[in-house]
A.B. asks: 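Pasting a structure below so you can have a look.
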Amino acid sequence: MKQKIKQQIIQKLKQYIPEVSQIEDRISLEIPKDEKLGDFSTNVAFLLARTLKSSPVEIAKKVSEMLSGMDTFSKVEVAGGGFINFFLSDGYYRGVLQEVIREKDDFGRIKEGSKGKINIEYVSANPTGPLHLGHGRGAVIGKVLSELYRYCGYKIEREFYINDAGNQIKKLGQSVYARFRQIEEPDYHFPEDGYHGEYIKDIAKELFLTEKEKILSMLSEDDAVEFCANYGKNYLLDRIKEDLRSIGVEFDIWFSEKHLYEHGKVDDAISFLKDRGMLYEKDGALWVRTTIYGDDKDRVIKKSDGSYTYFAGDIAYHYDKYKRGYEFVINIWGADHHGYFPRLKSAVMSFGVPENWLKVMFIQLVKLFKEGQEVKMSKRSGEFITLRELVEEVGKDAVIYFFASKDSDTHLNFDIDVALQKSNENPVFYVQYAHARICSVFREALERLSFNPEENFQADLSLLNQDIEKSIVKYISAIPDMLYDAAEKNQPNKIISITYELAVRFHRYYYGYKFLDPDNLELTYARLYLLKAIRGVLRILFKIMGIAPVERM
RNA sequence: GCGCCCGUAGCUCAGCUGGAUAGAGCAACGGACUUCUAAUCCGUAGGUCGCACGUUCGAAUCGUGCCGGGCGCACCA
């Protein structure tokens with residue numbers, strides 16, 4: 001909206017003042033904090049002052065005269081110093097409402113792909129155990145951020161990197177194998193640093209039932225361990241996918257680390273770095289000069305025993321992403337990985353990408369509270385609370401809402417008691433209730449007035465002249481810009497407050513005004529039209545978040 | 001020791017590209033249901049913006065130094 005208005009202003013001014021094109025980029029259009037100062041204000045007059053050799057106030061006066069004839073504005077005035085304040089006309093706002101109704105889910109949405117293709121990688125949990133709360137938070141943030149970017153016109157590729165090549169997987173195999181053997185020989189040695197969780201036993205049991213003969217007939221233990229590793233990995237990956245699906249999180253690409261090695265991609269990346277002069281040998285190992293781009297020290301990419309470090313795979317992985325031609329890529333990591341960022345960034349910089357091509361968001365810790373106490377372990381399994389347990393306990397929508405609600409940079413306290421409350425204490429219900437209430441009004445309209453707002457209808461929107469009605473329309477028209485801003489700043493949590501604010505306005509409206517009035521059908525239609533627009537925007541917001549638009553509560 | 005994140009009302013958090021009386025929700029207190037769902041609405045009260053110094057006409061916001069909490073500093077992944 002803002003961009004459209006800005007373009008309108010620039011177009012108009014260019015007709016009179018050609019010099020405008022010189023300063024076009026620097027023209028700002030801000031929403032003043034004080035509503036009395038109008039809907040927008042601009043600094044054009046300051047920018048033109050020098051070129052036109054006149055005072056900002058003089059220019060502002062002239063400019064405001066030129067613009068005051070436009071339909072978009074009801075008033076254009078010059079404020080102190082030379083700021084020009086605009087007041088949008090009622091006609092403009094009515095147009096926005098019609099746009100919401102007409103475009104439905106596409107209101108404010110920028111055509112997908114018009115801004116280029118980006119990649120968002122998130123969760124990427126090791127397939128060696130169930131998802132925990134931190135993964136859940138990353139999943140929700142990644143999902144909401146993806147949808148936000150999609151709304152803003154980007155083509156999104158959502159990616160999960162499967163760490164299926166290193167020691168962790170080997171450990172998984174050893175653990176599963178040991179549990180498998182223990183079924184018949186309880187004293188069979190279990191590796192010290194193996195995975196102790198109960199779920200390993202479940203996998204072993206399943207293997208015992210289905211693949212017992214096959215495993216026991218294998219020639220070497222290594223083969224058996226590898227078989228177990230593979231089986232366990234697939235088993236756990238399926239569970240991970242299930243868990244993610246339960247909160248509506250999906251991926252377009254499941255990228256295997258193993259794939260990198262099997263297809264020589266690690267060697268490709270290494271020879272690429274070599275050509276760029278990024279590598280050298282020392283103490284029998286191969287090092288990357290990550291210090292060139294600001295890392296603390298250079299890093300080993302190939303150990304003296306000839307094997308690659310994890311870093312090597314990761315470089316190859318990002319080299320692969322680089323070759324796929326994204327505008328930029330976003331990685332969402334747990335905060336405990338922040339120390340890893342400088343070295344990866346250095347490696348990526350050596351590909352020749354722009355400074356912030358690789359953006360990394362760090363997700364801070366999640367702490368779970370119940371009855372005022374921090375809960376660390378699950379009573380059921382004796383392990384850390386899993387995402388699955390949380391979803392089972394409080395439901396998908398609450399999980400999404402709470403995980404998405406805070407800035408990823410801050411620690412999150414998740415209070416189960418609040419999430420479980422089906423009352424005013426729980427903001428999830430608050431926003432869903434707004435949607436449900438509108439649906440309810442529509443049902444009543446059909447019942448009492450034999451009028452179905454679900455069908456297309458017209459209304460005289462000039463009847464919407466109450467302050468609350470105007471403020472709702474104004475808020476709705478600002479929402480697309482707020483969403484663009486949230487995406488640009490990588491702050492998906494903003495959508496939560498945007499949604500909440502809209503719900504607040506609606507509930508206030510609901511309480512203060514009667515919508516269905518058989519004696520004043522014209523007004524009734526106008527108000528139902530507004531309600532339909534509110535509901536339309538709520539649905540867009542819910543869709544981005546992945547929260548259900550509940551029709552009855 | 002070095003680095004990253006956080007420290008705002010009793011609790012959970014917004015605000016942080018500097019700007020006028022620091023905002024919400026919950027909890028507390030007081031009101032509003034013969035009404036389209038009260039899972040709602042209206043109001044009251046509650047704050048040395050961790051501390052100190054500095055930059056500035058002006059700092060919760062920028063800088064420096066402390067303090068407190070979390071995390072990280074491998075030829076691990």
Side-chain angles (χ1 to χ4, degrees), chain A residues 28 33-34 124 126 128 163-171 193 257 282-287 295-314 333-343 360-367 369 372 402 405-415 417-418 421-434 436-449 453 468 489 491 493-494 496-498 500-501 503-504 506-518 524 527-528 531 550-553:
Chain A
S28 76
K33 282 189 181 155
D34 190 347
S124 297
N126 284 348
T128 52
N163 298 124
D164 53 5
N167 282 332
Q168 301 303 321
I169 286 292
K170 200 170 169 189
K171 248 191 254 173
D193 55 350
E257 182 185 4
K282 195 182 91 181
D283 305 332
L286 193 60
W287 297 68
D295 194 9
D296 292 342
K297 47 189 166 193
D298 290 340
R299 306 288 171 171
V300 171
I301 192 170
K302 194 175 191 177
K303 295 180 245 178
S304 50
D305 68 3
S307 64
Y308 291 115
T309 59
Y310 176 81
F311 188 37
D314 224 10
W333 291 350
D336 53 344
H337 290 88
H338 68 255
Y340 186 73
F341 180 56
R343 83 188 69 164
V360 177
M361 281 173 75
F362 295 101
I363 307 291
Q364 297 290 334
L365 212 80
V366 177
K367 280 186 186 174
F369 286 83
F402 282 97
S405 67
K406 306 291 186 289
D407 192 308
S408 57
D409 260 347
T410 65
H411 295 213
L412 176 73
N413 292 329
F414 193 110
D415 190 327
D417 301 315
V418 171
Q421 289 267 357
K422 300 206 172 195
S423 74
N424 54 348
E425 275 185 57
N426 189 341
V428 187
F429 289 97
Y430 185 88
V431 297
Q432 284 178 325
Y433 188 42
R437 267 184 148 177
I438 294 174
C439 293
S440 167
V441 173
F442 285 9
R443 286 192 295 267
E444 282 301 311
L446 184 59
E447 180 81 11
R448 295 188 194 179
L449 308 174
I468 180 74
K489 291 184 176 150
Q491 289 187 310
N493 56 307
K494 286 205 160 147
I496 298 286
S497 50
I498 294 170
Y500 191 85
E501 281 295 313
V504 167
F506 165 73
H507 284 308
R508 198 175 288 156
Y509 184 36
Y510 183 96
Y511 190 83
Y513 294 87
K514 206 103 185 76
F515 304 135
L516 304 178
D517 181 0
T524 298
R527 288 186 168 165
L528 289 174
L531 292 195
V550 179
E551 301 200 357
R552 275 173 213 272
M553 290 178 76

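The chains referred to below are lettered A, B, ... by the order of the sequence lines, with proteins before strands, and numbering in each begins at 1.
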A.B. asks: Could you name each residue pair satisfying salt bridge (Lys or Arg N to Asp or Glu O under 4.0 Å) that touches residues 295-306 of chain A, not counting sequence neighbours?
C.D. replies: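 Every salt bridge (Lys or Arg N to Asp or Glu O under 4.0 Å) pair that includes a residue of residues 295-306 of chain A, provided the two are not neighbours, is A/Asp295-A/Arg299.
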
A.B. asks: Between N or O atoms, less than 3.5 Å apart, protein on one side and nucleotides 6-13 of chain B on the other: list the pairs.
C.D. replies:
{"residue": "B/rC13", "atom": "OP1", "partner": "A/His411", "partner atom": "O", "Å": "3.0"}
{"residue": "B/rC13", "atom": "OP1", "partner": "A/Asn413", "partner atom": "N", "Å": "3.4"}

A.B. asks: Taking only residues two or more places apart in sequence, or in another chain, which ones meet A/His411 in a side-chain hydrogen bond (donor to acceptor under 3.5 Å, both in side chains)?
C.D. replies: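 Partners of A/His411 under the side-chain hydrogen bond (donor to acceptor under 3.5 Å, both in side chains) test: A/Gln364.
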
A.B. asks: Listing time: all N or O pairs from protein to nucleotides 73-76 of chain B that are below 3.5 Å?
C.D. replies:
{"residue": "B/rC75", "atom": "O2", "partner": "A/Ser304", "partner atom": "N", "Å": "2.7"}
{"residue": "B/rC75", "atom": "O2", "partner": "A/Ser304", "partner atom": "OG", "Å": "3.0"}
{"residue": "B/rC75", "atom": "N3", "partner": "A/Ser304", "partner atom": "OG", "Å": "3.4"}
{"residue": "B/rC75", "atom": "N4", "partner": "A/Asp283", "partner atom": "O", "Å": "3.2"}
{"residue": "B/rC76", "atom": "OP2", "partner": "A/Lys303", "partner atom": "NZ", "Å": "2.7"}

A.B. asks: Can you list the residues that meet the side-chain hydrogen bond (donor to acceptor under 3.5 Å, both in side chains) rule with A/Tyr500, with sequence neighbours excluded?
C.D. replies: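 Partners of A/Tyr500 by the side-chain hydrogen bond (donor to acceptor under 3.5 Å, both in side chains) criterion come out as none, since no residue qualifies.
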
A.B. asks: Any N/O pairs under 3.5 Å between the protein and nucleotides 29-31 of chain B? List them or say none.
C.D. replies:
none

A.B. asks: Who pairs with A/His338 by side chain to side chain contact (heavy atoms under 4.5 Å, CB included), at least two apart in sequence or on another chain?
C.D. replies: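 A/Phe362.
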
A.B. asks: Take A/Lys494 and A/Tyr509, find for each the nucleotide of RNA chain B with the closest heavy atom, and name the residue whose nucleotide sits nearer the 5' end.
C.D. replies: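 Result of the comparison: A/Lys494.
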
A.B. asks: Show me the donor-acceptor pairs, under 3.5 Å and distance only, between side chains in residues 163-170 of chain A and residues at least two apart or in other chains.
C.D. replies:
{"residue": "A/Asn163", "atom": "ND2", "partner": "A/Tyr310", "partner atom": "OH", "Å": "3.1"}
{"residue": "A/Asp164", "atom": "OD1", "partner": "A/Ser256", "partner atom": "OG", "Å": "3.4"}
{"residue": "A/Asp164", "atom": "OD1", "partner": "A/Glu257", "partner atom": "N", "Å": "3.1"}
{"residue": "A/Asp164", "atom": "OD1", "partner": "A/Lys258", "partner atom": "N", "Å": "2.7"}
{"residue": "A/Asp164", "atom": "OD2", "partner": "A/Ser256", "partner atom": "OG", "Å": "2.8"}
{"residue": "A/Gln168", "atom": "OE1", "partner": "A/Tyr195", "partner atom": "OH", "Å": "2.7"}

A.B. asks: For RNA chain B, which consecutive runs of 3 or more Watson-Crick or G-U pairs (each distance under 3.5 Å) count as stems?
C.D. replies: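 Stems found: B:1-7 with B:67-73, B:10-13 with B:23-26, B:28-32 with B:40-44, B:50-54 with B:62-66.
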
A.B. asks: My understanding is that only residues two or more places apart in sequence, or in another chain, count here; which of them pass side-chain hydrogen bond (donor to acceptor under 3.5 Å, both in side chains) with A/Thr524?
C.D. replies: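 Residues passing side-chain hydrogen bond (donor to acceptor under 3.5 Å, both in side chains) with A/Thr524: none at all.
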
A.B. asks: Can you sort out the partners of A/Lys406 under salt bridge (charged side-chain N to carboxylate O under 4.0 Å, His left out), two or more places apart, ordered by chain and number?
C.D. replies: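 Once residues adjacent in sequence are excluded, A/Lys406 has no partner under the salt bridge (charged side-chain N to carboxylate O under 4.0 Å, His left out) criterion.
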
A.B. asks: Run the side-chain hydrogen bond (donor to acceptor under 3.5 Å, both in side chains) test against A/Glu447 and tell me which residues pass, sequence neighbours left out.
C.D. replies: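 Partners of A/Glu447 under the side-chain hydrogen bond (donor to acceptor under 3.5 Å, both in side chains) test: none.
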
